[in-house]
There are 2 protein chains.
Amino acid sequence: MTAARGRTSRPTSRAVSRPTGRPPLTEERKAEIRLEIARAAVELFVTQGVAATTGEQIGAAVGVSSRTVWRYFPSKESCVRPLFSAGIDRIADSLRRWGPGRPLDGIFDSERADEDGPLAGPDRATVGALVRLTRTEPGLRAIWLQTYDEAEPAFARALAERAGLPADDLRPTIQAAMFNAALRAAVEHYALHTADTHPDRTTAQTELTETLRVALEVAAEGVG
Amino acid sequence: MTAARGRTSRPTSRAVSRPTGRPPLTEERKAEIRLEIARAAVELFVTQGVAATTGEQIGAAVGVSSRTVWRYFPSKESCVRPLFSAGIDRIADSLRRWGPGRPLDGIFDSERADEDGPLAGPDRATVGALVRLTRTEPGLRAIWLQTYDEAEPAFARALAERAGLPADDLRPTIQAAMFNAALRAAVEHYALHTADTHPDRTTAQTELTETLRVALEVAAEGVG
DNA sequence: CGACTTTATGTCTCTGAGTGACATAAAGTC
DNA sequence: GACTTTATGTCACTCAGAGACATAAAGTCG
């Protein structure tokens, strides 16, 4: 197992006089392990299907017992979440850093969408396949939706702040849901229609950026 | 058990010479049973929490074995779906009957939203409580999201048709997702903020209609 | 009425997800 | 090496959910 065995990294900042003993895993290390389990799970889900893969198999693929898998993830399907949430987290960060008064449609190009957008990173192709799997695997679909759903309150807060409204106001709440849904639909559309037609990475990324640009445009226009 | 026992209703139109034997349950009868199980499940979920209620208990509450519960629903949490989907189905019907060229914001008032809108019907209060439960019960949240998610393709087709575009075009797909999300967010906001402040039925319904009107307005405006 | 047929539900059994309790190993301090 | 804390493994358990089969319900036809 390349993953979960031992190997505590040094915590950078000393907490105020921690008692002696084995130092706990850093959050970074935990995230690494989670990601390793996630990749193994996706590999199995794609090749065998979700129902046919057991927690035991997922653990074995990383050299870990099933019990440990459940310590890192609350359910079998949720093992894919780190792959899903990476892209959304980048968008949420972009939105958070975005100042008030500026139009939303500047988010991606200013933030180097080619590298930082959703579906970026080393798992681009994997996540694409995973999103496609969402169509046939209801359990994965649920995780996919849940991942976006959990980002929604943060969007709502940001939009409410920009508009100078209370955080639980109806309008920014609805706008956040719409913004979120537009992004999700765009990523899905990309994964389903244009992903595998462009094996070349840069072309594919350009397509994705264009798709997201349309999403922001439609979000700004509204549904007529 | 008031529910699932026997009692086949007469199929209205004879299928072309069905062979002899016990007639199958009509779809209406099946829907009745599903609804009865759903109500019992919600009752238990609200009072005990989801984790604490077993399939056996749900079945017992309707006088049916757990095996039968799984014949009507694929999972414990999905027992609540009939309550959730009723409102969305009404909206989908409204949208389907809506002619091309007309603005979306006429949907509800013309369709007597007070009686036919989401959260209408005898289960109005129950569904409100259920939507609130969604905040603390991830399993129910997943069903709630899934219910709306499944309505999305129909919305996308309707919008694509209105715009004279192919069904899988990017823009109507995104618009459908936004429209859907706006409705969902509005219903949630209503259930969380204004539902129990108006125990009076008509006042509550008026509030809901107003909330939905805002949702359609925001959907039409877009997120600025 | 009873023989026959089809459907709905119950019973039994099994796999696997997920949890809690406890044992053991890893990785540090003194 | 003694001691402490954390991470993981092992074992035992509950329950969700599915498959196989038996039985009951509800009809038709003689």
Side-chain angles (χ1 to χ4, degrees), chain A residues 1-11 14-15 17-27 29-34 36-37 41 44-45 48-60 62-79 138-139 142-143, chain B residues 1-11 14-15 17-27 29-34 36-37 41 44-45 48-60 62-79 138-139 142-143:
Chain A
M1 99 308 289
T2 86
R5 195 56 57 172
R7 264 177 64 195
T8 43
S9 326
R10 231 173 205 302
R14 246 297 149 263
S17 101
R18 211 183 61 78
T20 177
R22 174 180 179 172
L25 297 183
T26 63
E27 288 307 311
R29 181 68 190 127
K30 283 186 190 170
E32 282 178 31
I33 299 176
R34 280 176 60 89
E36 234 177 301
I37 297 177
L44 290 166
F45 288 165
Q48 312 180 339
V50 176
T53 78
T54 72
E56 210 72 43
Q57 291 178 356
I58 298 174
V62 228
V64 142
S65 79
S66 73
R67 190 65 182 81
T68 299
V69 174
W70 307 137
R71 285 205 180 86
Y72 280 89
F73 294 98
S75 76
K76 185 169 66 170
E77 292 86 357
S78 64
C79 288
I143 300 293
Chain B
M1 91 313 283
T2 89
R5 194 56 55 171
R7 264 179 58 196
T8 43
S9 327
R10 237 179 197 300
R14 247 297 150 263
S17 100
R18 212 183 58 80
T20 179
R22 173 180 181 170
L25 297 183
T26 62
E27 288 308 312
R29 180 71 191 126
K30 283 187 190 170
E32 281 178 30
I33 299 176
R34 280 176 59 90
E36 235 177 302
I37 297 177
L44 290 166
F45 288 166
Q48 314 181 338
V50 177
T53 79
T54 73
E56 208 73 42
Q57 292 178 356
I58 298 174
V62 227
V64 144
S65 80
S66 72
R67 190 66 183 83
T68 299
V69 174
W70 308 137
R71 284 205 180 89
Y72 280 89
F73 294 99
S75 75
K76 184 168 63 170
E77 293 84 357
S78 64
C79 288
I143 300 292

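Not measured: the values here are computed from a predicted model. Below, chain A is the first sequence line, B the second, and so on; all start at residue 1.
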In whole angstrom, what separates B:Phe73's CZ from C:dT9's C1'? 16 Å
Would you find a donor on one side and an acceptor on the other, under 3.5 Å apart, between the side chain of A:Lys76 and the backbone of A:Thr53? yes
Whole Å only: how far is the CZ atom of A:Arg22 from the C1' atom of C:dG28? 9 Å
Walk me through whether A:Glu77 and A:Phe45 qualify under side chain to side chain contact (heavy atoms under 4.5 Å, CB included). CA-CA 9 Å; A:Glu77 292 86 357; A:Phe45 288 165; 5.5 Å; no
Among the candidates C:dT19, D:dA16, C:dT9, find the nucleotide nearest to the side-chain atoms of B:Leu25. C:dT9
Starting at CD1 of A:Ile58 and ending at C1' of D:dG9, how long is that distance when rounded to a whole Å? 18 Å
Are OP1 or OP2 of C:dG10 and a side-chain N or O of B:Ser65 less than 4.0 angstrom apart? yes
Between P of C:dG16 and CG of A:Leu44, the distance in whole Å: 14 Å
Is the distance from OP1 or OP2 of D:dT8 to the nearest side-chain N or O of A:Tyr72 less than 4.0 Å? yes
Position toward the 5' end of DNA chain C (nearest nucleotide), B:Lys30 or A:Ser75: B:Lys30
Any idea which of C:dG28, D:dG17, C:dA17 is nearest the A:Pro23 side chain? C:dG28
Separation of C:dG16 atom P from A:Gln57 atom CD, nearest Å, is 9 Å
If you look at every heavy atom in B:Cys79 and B:Ile37, which pair is closest and at what distance? SG-CG2, 4.4 Å
What is the base-pairing partner of C:dC30, counting Watson-Crick and G-U wobble geometry with both distances under 3.5 Å? D:dG1
Between C:dG28, C:dG16, D:dA16, which nucleotide gets closest to the side-chain atoms of A:Thr54? C:dG16
Considering only C:dT9, C:dG18, D:dG9, which nucleotide approaches the side chain of B:Thr68 most closely? C:dT9
Whole-Å distance between C:dT7 C1' and B:Ile33 CD1? 12 Å
Any N or O donor-acceptor pair linking the side chain of A:Arg71 to the base of C:dG18 at under 3.5 Å? no
In whole angstroms, the gap separating C1' of D:dG17 from CZ of B:Arg67 amounts to 8 Å
How is B:Ser78 classified with respect to the nucleic acid when contacts are heavy atoms under 4.0 Å: base, sugar-phosphate, or nothing? nothing
Kindly give the heavy-atom pair with the smallest separation between B:Ala52 and B:Gln57, and that separation in Å. O-OE1, 3.8 Å
For B:Ile33 and B:Lys30, what are the C-alpha separation, side-chain angles and deciding distance, and is it a side chain to side chain contact (heavy atoms under 4.5 Å, CB included)? CA-CA 5 Å; B:Ile33 299 176; B:Lys30 283 187 190 170; 5.7 Å; no
Heavy-atom closest pair, residues A:Val69 and A:Gly55: CG2-O, 4.1 Å
Under 3.5 Å for both donor-acceptor distances, Watson-Crick or wobble: does C:dA21 have a partner, and if so which one? D:dT10
B:Glu27 CD to C:dT7 P, straight-line distance once rounded to whole Å: 13 Å
Checking contacts here: which listed nucleotide (C:dA8, D:dA7, C:dA17) is nearest the side-chain heavy atoms of B:Pro24? C:dA8
Start at the 5' end of DNA chain D and walk down; is the nucleotide closest to A:Val69 or to B:Glu77 reached first? A:Val69
